[in-house]
Amino acid sequence: MASLRRLIPLRSSLLRTSVSLAAARGGVGGSFRSYNASVYSEQRELKLEGEDQLPEANNLSIDDVIRKIRQKFDVARQSFLKIPDPLKGMPKMNPEGIYVNKNLRLENIQVYGFDYDYTLAHYSSNLQSLIYELAKEHLVNELRYPQSCLEFKYDPTFPIRGLNYDKQKGCLLKLDFFGSIEPDGCYFGRRKLTRKEIEEIYGTRHIGRDQARGLVGLMDFFCFSEACLIADIVQHFVDAKLEFDACYVYQDVNRAIQHVHRSGLVHRGILSDPQRYLVKNGQLLHFLRMLREKGKKLFLLTNSPYYFVDGGMRFLLEDSLGHGDSWRELFDVVIAKANKPEFYTSEHPFRCYDIEKDTLAFSKVDAFLPNKIYYHGCLKSFLQITKWNGPEVIYFGDHLFSDLRGPSKAGWRTAAIIHELENEIRIQNEDSYRFEQAKFHIIQELLGKLHATVANSQRSEAYKSLLAELNEERQKSRSTMKGMFNRSFGATFLTDTGQESAFAYNIHQYADVYTSKPENFLFYPPEAWLHVPFDIKIMPHHVKVSSSLFKTH
């Protein structure tokens with residue numbers, strides 16, 4: 001949450017960072033997959049004919065200005081009937097690419113560390129339903145929530161990663177890069193709030209420093225079931241006309257979610273039917289073995305218990321490992337129940353775990369022995385024992401705060417694994433999405449010119465009519481783009497206008513590189529230089545479609 005509270009002060013510095021990065025950017029060498037962003041030339045500034053001229057400068061009357069904007073709008077609408085050929089010819093971004101926020105030379109990386117859940121282990125969509133059901137039952141059976149709550153069903157079309165819950169107001173929020181509430185991304189229960197309701201509750205769409213203290217980020221792989229269950233509970237209380245405290249709802253749901261994890265309920269559920277929940281992936285073993293062959297050191301650092309990791313890894317790799325081989329031989333060090341993010345700041349000692357007896361040794365750990373499993377520990381002891389220096393270590397994880405914030409502050413390089421990235425890039429590659437994005441930009445330009453040249457006292461009927469039509473056309477494009485991703489909150493990385501989200505901000509802060517899965521590194525030589533693309537986009541996998549593809553004059 002500290003990062004969210006810094007959204008406002010960092011706005012100008014982030015913009016300066018983007019510009020300064022642009023000066024140092026260049027193309028990445030290697031294969032076609034190395035960096036698709038390099039094929040883009042700098043986007044031309046979005047500009048309509050005469051846009052930079054005010055009525056006073058070109059001696060046009062207000063009526064002439066409105067008439068001219070109307071003409072441009074009419075021409076633009078004709079171009080909206082067909083996707084232009086230049087747009088169809090635009091290069092596509094690579095859904096399996098590695099996207100770079102900070103330059104990274106892989107030849108300098110000697111140690112590769114991995115989280116387990118949603119990093120090495122791929123899960124099916126069935127897992128969220130399992131977590132939701134188990135947490136719901138705990139709320140009813142242990143926390144005495146109404147029996148009617150057992151009728152709730154997980155809705156996979158509702159939540160996305162990176163939402164925030166307001167413990168004071170009870171709203172689920174999607175925020176943009178600079179901490180403002182998405183106009184169509186604020187829900188109270190399962191009901192989307194209008195802009196007027198958002199303003200009545202918050203006064204403004206922008207979340208200030210004090211308000212940000214009441215927000216909790218939903219970032220990890222529990223977040224989908226957690227967000228859905230929070231919304232369903234709030235909606236249930238609203239429908240039943242029961243008074244409730246929004247903070248207690250979060251605490252109870254979070255307690256239930258944590259219980260199904262810490263008690264082992266979800267772990268046992270997954271291992272009882274791994275075929276239903278785990279997705280086998282032969283490329284994972286290929287990637288890990290390639291690293292070993294290149295002389296790299298590997299370690300596994302996870303909050304999950306060993307028996308769960310062992311069962312999952314054996315299932316995931318059973319079709320790839322040879323007879324008698326063990327997945328543990330791939331790793332120099334295996335640490336379970338690490339208690340991240342405290343692992344990075346505490347001074348807890350490591351304890352050796354006896355697999356056969358299911359017990360922990362009491363002797364001091366001053367060396368990591370082959371084929372041994374270790375529990376707990378801390379970063380300080382880890383560095384003392386391994387002597388692995390920060391810049392030569394890269395750590396892969398899916399949770400920006402628990403997995404990556406600590407390593408990034410400790411000097412490790414970081415790789416965020418975001419499974420949703422693959423699908424979102426595929427959608428952004430579609431002509432239909434880019435078409436709507438370009439249409440949106442044109443309408444924005446026309447609206448900007450209209451607002452800039454017509455004062456409040458000069459708003460005629462012609463002005464009001466044009467303004468209404470432009471706003472309607474803009475909203476249609478926003479809704480269409482949003483619906484291509486998620487009907488409730490849209491894209492994970494983007495707002496409805498195609499700008500970066502608060503989730504993208506956190507990726508920008510804590511991930512040196514990000515990709516959809518670790519084995520995407522197979523597409524790059526182990527000595528590759530991954531560098532930030534030359535243009536000044538904040539998120540390197542985004543493409544801003546220029547309205548210049550449409551001729552509006």
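- Partners of Lys280 by side-chain hydrogen bond (donor to acceptor under 3.5 Å, both in side chains), not counting sequence neighbours, listed by chain and number: Glu318, Asp319.
- A donor-acceptor pair shorter than 3.5 Å can be found between the side chains of His122 and Glu519.
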Test side chain to side chain contact (heavy atoms under 4.5 Å, CB included) applied to Asn126 and Tyr154, step by step: CA-CA 10 Å; Asn126 295 322; Tyr154 176 67; over 6 Å; no
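- A donor-acceptor pair is defined here as one N or O able to donate and one able to accept, closer than 3.5 Å; no such pair exists between the side chain of Asp512 and the backbone of Lys102.
- Taking the charged nitrogens against the carboxylate oxygens, Glu422 and Lys517 do have a contact shorter than 4.0 Å, which makes a salt bridge.
- Remark: Arg190 is positioned above the aromatic ring of Phe158, its terminal NZ or CZ atom under 6.0 angstrom from the ring centre and at most 45 degrees off the axis.
- Within a 6.0 Å sphere centred on CZ of Phe244, other residues, nucleotides and ligands contribute more than 12 heavy atoms.
- Side chains of Ser402 and Asp220: a donor-acceptor N/O pair is absent below 3.5 angstrom, by distance only.
- In terms of modelled atom types and a separation under 3.5 Å, the side chain of Glu500 and the main chain of Phe493 share no donor-acceptor contact.
- Taking Glu133 as the reference, Lys136 meet the side-chain hydrogen bond (donor to acceptor under 3.5 Å, both in side chains) condition, with sequence neighbours excluded.
- No donor-acceptor pair closer than 3.5 Å links the side chain of Asn486 to the backbone N or O of Ile160.
- Between the side chains of Glu424 and Thr492, a donor-acceptor pair is found at a separation under 3.5 Å.
- Using cut-offs of 30° and 60° for the angle between ring planes, the Phe114 and Phe396 rings count as parallel.
- With a 4.5 Å cut-off on side-chain heavy atoms, Cys149 and His236 count as touching.
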Test log, rule ring-ring contact (aromatic ring centres under 6.0 Å, His included), inputs His419 and Tyr123: CA-CA 10 Å; His419 287 274; Tyr123 291 101; 8.8 Å; no
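- Judged by distance alone, the side chains of Asn108 and Glu392 never bring a donor and an acceptor atom under 3.5 Å apart.
- Side-chain atoms of Ser381 never come within 3.5 Å of backbone atoms of Gly377 as a donor-acceptor pair (strictly under, hydrogens ignored).
- Salt-bridge annotation for Arg205 and Asp176: absent, with no side-chain N of the basic residue lying under 4.0 Å from a carboxylate O of the acidic one.
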Check against salt bridge (charged side-chain N to carboxylate O under 4.0 Å, His left out), Asp252 and Arg144: CA-CA 10 Å; Asp252 289 344; Arg144 299 297 183 258; over 6 Å; no
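- Using a cut-off of 4.0 Å between Lys/Arg side-chain N and Asp/Glu carboxylate O, Glu197 and Arg191 are scored as salt-bridged.
- Using a 4.0 Å cut-off between charged nitrogen and carboxylate oxygen, Asp115 and Lys340 count as a salt-bridge pair.
- Of the charged side-chain nitrogens involved, none lies within less than 4.0 Å of a carboxylate oxygen, so that Arg268 and Asp273 do not count as a salt-bridged pair.
- Classification of Asp166 and Arg213 as a salt-bridged pair fails, no side-chain N sitting under 4.0 Å from a carboxylate O.
- Taking the six-membered ring where the residue is Trp, His267 and His261 present perpendicular rings, their angle passing 60° and hence far from 30°.
- Arg405 forms a cation-pi arrangement with Tyr510, by the criterion of a distance under 6.0 Å to the ring centre and an angle within 45° of the ring axis.
- A donor-acceptor contact under 3.5 angstrom links the side chains of Arg328 and Tyr306, judged on distance only.
- Phe382 pairs in a ring pair (Phe, Tyr, Trp, His ring centres under 6.0 Å) with only one of the listed residues (Phe299, Tyr374, Tyr344, Tyr395), which is Phe299.
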